[in-house]
There are 2 protein chains.
Amino acid sequence: MPSLASMSQDTMHSQNAALSGGRLKQPHLASDHGIATSGIQLPQALPSLLARGLTPQDMLRVNAARPTFVTLEPGQSLYYQGDDCNNIYLLLDGWAFRHQILEDGRRQILDFALPGVVFGLPGTGIMTHSLETLTGCTFSVFTRERLFDLMRDVPALGFRLLEIMAAAEARAFEHLTSVGRRTAKERVAHLLLELVTRASQTPAMPRDGSMTLPLMLPHIADALGLTSETVCRALSSMRKDKIATLRGQKLDILDLKRLAHAAGVDLMADFRHGTNGETLRLAS
Amino acid sequence: MPSLASMSQDTMHSQNAALSGGRLKQPHLASDHGIATSGIQLPQALPSLLARGLTPQDMLRVNAARPTFVTLEPGQSLYYQGDDCNNIYLLLDGWAFRHQILEDGRRQILDFALPGVVFGLPGTGIMTHSLETLTGCTFSVFTRERLFDLMRDVPALGFRLLEIMAAAEARAFEHLTSVGRRTAKERVAHLLLELVTRASQTPAMPRDGSMTLPLMLPHIADALGLTSETVCRALSSMRKDKIATLRGQKLDILDLKRLAHAAGVDLMADFRHGTNGETLRLAS
DNA sequence: CGTCCGATTGACAGCTATCAATAAGAGTGG
DNA sequence: CCACTCTTATTGATAGCTGTCAATCGGACG
């Protein structure tokens with residue numbers, strides 16, 4: 001139970017969310033009729049995100065399973081920590097994040113979800129975290145049973161999902177290393193680097209050094225195990241050093257090389273394949 | 001920003017590993033003849049760990065794929081950060097851990113692997129972390145291709161692997177929350193709680209409050225983003241409070257309830273299903 | 001009994017959190 | 001178009017937790 005004092009910063013945003021829409025007891029299931037959001041034709045979007053490694057025939061079968069779609073406004077939650085959830089979700093469009101909250105209000109953001117991310121997988125069914133949108137979002141939904149059937153029909157799908165989960169695990173591990181062993185400034189630099197890299201790999205997102213981050217300082221802080229003040233100081237410092245500027249939601253990378261250096265990362269290695277130059281050499 | 005000085009503690013263990021066996025260019029592939037380690041008949045062990053949800057027929061097919069086995073001594077590495085790895089591993093017996101190392105030697109332990117854990121999955125092939133054993137370990141190995149074939153033959157296997165990966169992700173998330181938002185003492189308590197819980201769920205491990213942890217202080221420290229001194233202080237405090245004692249490798253839980261309290265966790269919720277009492281109530 | 005490695009404890013420094021005040025924008029309404 | 005309000009960002013001062021450095025303890029082993 002957050003003492004009001006400690007809530008004031010860290011949980012500000014979730015308060016907003018709770019006020020401005022918050023929990024959906026029954027998510028808005030848009031069911032089978034195809035819904036278009038922010039200009040995207042969903043039945044087309046799904047393949048492009050999932051399809052690597054699947055044949056066109058496979059994708060036909062996947063679409064034949066008639067996934068349902070959910071659309072959410074910014075600041076709404078798809079599910080909450082503690083919910084009994086037996087669906088698997090694919091984020092088609094928009095930004096969201098997954099987070100855990102301790103009883104006293106401390107919040108940890110676990111992962112930023114960009115289009116193509118899969119979550120809500122099997123397990124016990126009880127969710128250990130919540131998912132909240134940052135922008136308007138569209139999700140594709142499969143029930144556990146439908147997924148199981150689908151995986152039988154389309155073996156490559158299971159393999160692809162494993163790949164996606166493995167990538168998510170790798171992200172979580174990088175994140176963990178950041179929070180556990182990097183300084184505040186390094187963490188901020190590392191997160192910016194991760195986000196620009198992921199965004200640039202997402203279709204229909206910018207490839208140059210400028211982009212829109214639908215985040216507030218407390219999001220970054222809660223992702224990195226810091227306070228928003230510390231994040232602000234780190235960003236100020238990077239602005240002063242002409243490495244990157246983040247004003248409002250506009251992020252400009254001014255010097256990618258030095259950003260990577262500030263993040264304590266070998267750009268070529270870590271953000272292409274995920275490895276550390278130094279350690280790599282030991283392994284050769 | 002640790003330089004050589006600070007490496008002395010954090011990376012001590014990996015140095016030892018390097019000296020005492022270290023890298024295996026070509027892991028000891030024990031190939032198809034079944035190998036027995038520490039008294040376990042492997043072909044039997046594999047099913048029991050993987051089989052939930054699979055029919056006996058399914059398991060026959062899995063075994064027919066003739067996985068190879070690898071055995072490692074304590075302190076050896078199955079693979080290193082930067083390795084090109086196209087195998088999937090199942091830990092059959094023993095304890096191990098996965099970790100990442102930054103160029104300057106800072107180390108983050110990402111996950112403790114107990115029997116039943118799966119890793120080394122697809123992705124790009126380049127490993128972003130290393131795996132090092134704590135005890136003697138036996139692994140079951142499938143190549144990427146063999147796994148793919150197997151998943152086609154045994155659809156339930158893919159589903160089971162997804163479940164295992166989802167559980168690993170949930171663990172990583174809990175871990176992240178710990179490192180990001182809990183105090184030193186809470187982190188230590190939380191880790192002990194996680195380990196006793198997992199061990200008690202593993203066949204052939206004790207269910208009472210006493211067990212052997214094949215860890216040294218620096219392992220705990222590097223898992224939690226702390227120093228070994230801080231971990232030591234936290235353990236001393238818990239020993240003084242009669243919550244738990246860890247001497248050498250012998251862990252005794254004296255008061256599970258207060259241990260959970262010290263970890264800032266609702267025992268019934270978090271460690272049965274993974275949820276937080278307070279937030280859960282919101283969701284009902 | 002001596003050596004060695006890891007654990008333990010103490011003193012102190014430093015990074016980040018906390019508390020507090022101000023600035024900067026974005027809307028809103030007159 | 002400007003004043004007003006509200007929210008978020010920014011900056012400063014101080015406190016506290018944890019890291020760092022260093023010394024001692026303790027058990028394992030030969």
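Each chain gets a letter, A, B and so on, in the order its sequence line appears, and its residues count up from 1. All values derive from a computational prediction rather than experimental measurement. All values below were derived from every heavy atom in this structure, side-chain atoms included, with hydrogens, water molecules and symmetry-related copies excluded.
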| OP1, OP2 of dA17(C) versus side-chain N and O of Thr227(A): anything below 4.0 Å? | yes
| field | Distance-minimising heavy-atom pair for Val196(A) and Leu193(A) | value | CG2-O, 3.2 Å
| query | For the base of dG10(C), is there a side-chain donor-acceptor partner from Arg233(B) under 3.5 Å away? | reply | yes
| field | Nearest-nucleotide pick for Cys232(A), side chain only, options being dA22(D), dT18(C), dA9(D) | value | dA9(D)
| field | SB check Asp222(A) Arg181(B) (cutoff 4.0 Å) | value | yes
| task | Would you mind reading off the distance between Leu217(A) atom CG and dA17(C) atom P, rounded to a whole angstrom? | result | 13 Å
| message | Without decimals, in angstroms, what is the distance between Arg182(A) CZ and dC15(C) P? | response | 18 Å
| note | Leu246(A) CG to dA24(C) P, in whole Å, measures 17 Å
| remark: Scanning both residues in full, the closest heavy-atom pair of Val265(B) with His190(B) reads CG2-CD2, 3.5 Å
| request: Pick base, sugar-phosphate or nothing for Arg239(B), based on heavy-atom distances below 4.0 Å to the nucleic acid. | output: sugar-phosphate
| query | Counting just side-chain N and O atoms, does Ser236(B) come under 4.0 Å of either OP1 or OP2 of dT9(C)? | reply | yes
| note | In whole angstroms, the gap separating P of dT8(D) from CG of Leu134(A) amounts to 14 Å
| Between Ile220(B) (CD1) and dT8(C) (P), how many Å, whole number? | 10 Å
| message | Could you check whether any side-chain heavy atom of Leu192(B) comes within less than 4.5 Å of a side-chain heavy atom of Met238(B), counting everything from C-beta outward? | response | yes
| note | Rounded to whole Å, the NZ-P distance (Lys250(A) to dA9(D)) equals 17 Å
| Candidates dT18(D), dA17(C), dA7(C) - which lies nearest the side chain of Ala184(B) | dT18(D)
| field | Separation of atom CZ in Arg181(B) from atom P in dT18(D), rounded to whole Å | value | 13 Å
| said: So if I take every side-chain heavy atom of Leu226(A) and compare against dT18(C), dA7(C), dA17(C), which nucleotide ends up nearest? | reply: dA17(C)
| note | Glu229(B) has its side chain closest, among dT18(D), dC21(D), dT8(D), to dC21(D)
| field | Closest-nucleotide 5' rank along DNA chain C - winner of Arg247(A) and Lys185(A) | value | Lys185(A)
| query | For the pair made of CG in Asp104(B) and C1' in dG19(D), what is the distance, rounded to whole Å? | reply | 14 Å
| request: For residues His129(B) and Thr177(A), determine if any side-chain heavy atom of one lies less than 4.5 Å from a side-chain heavy atom of the other. | output: no
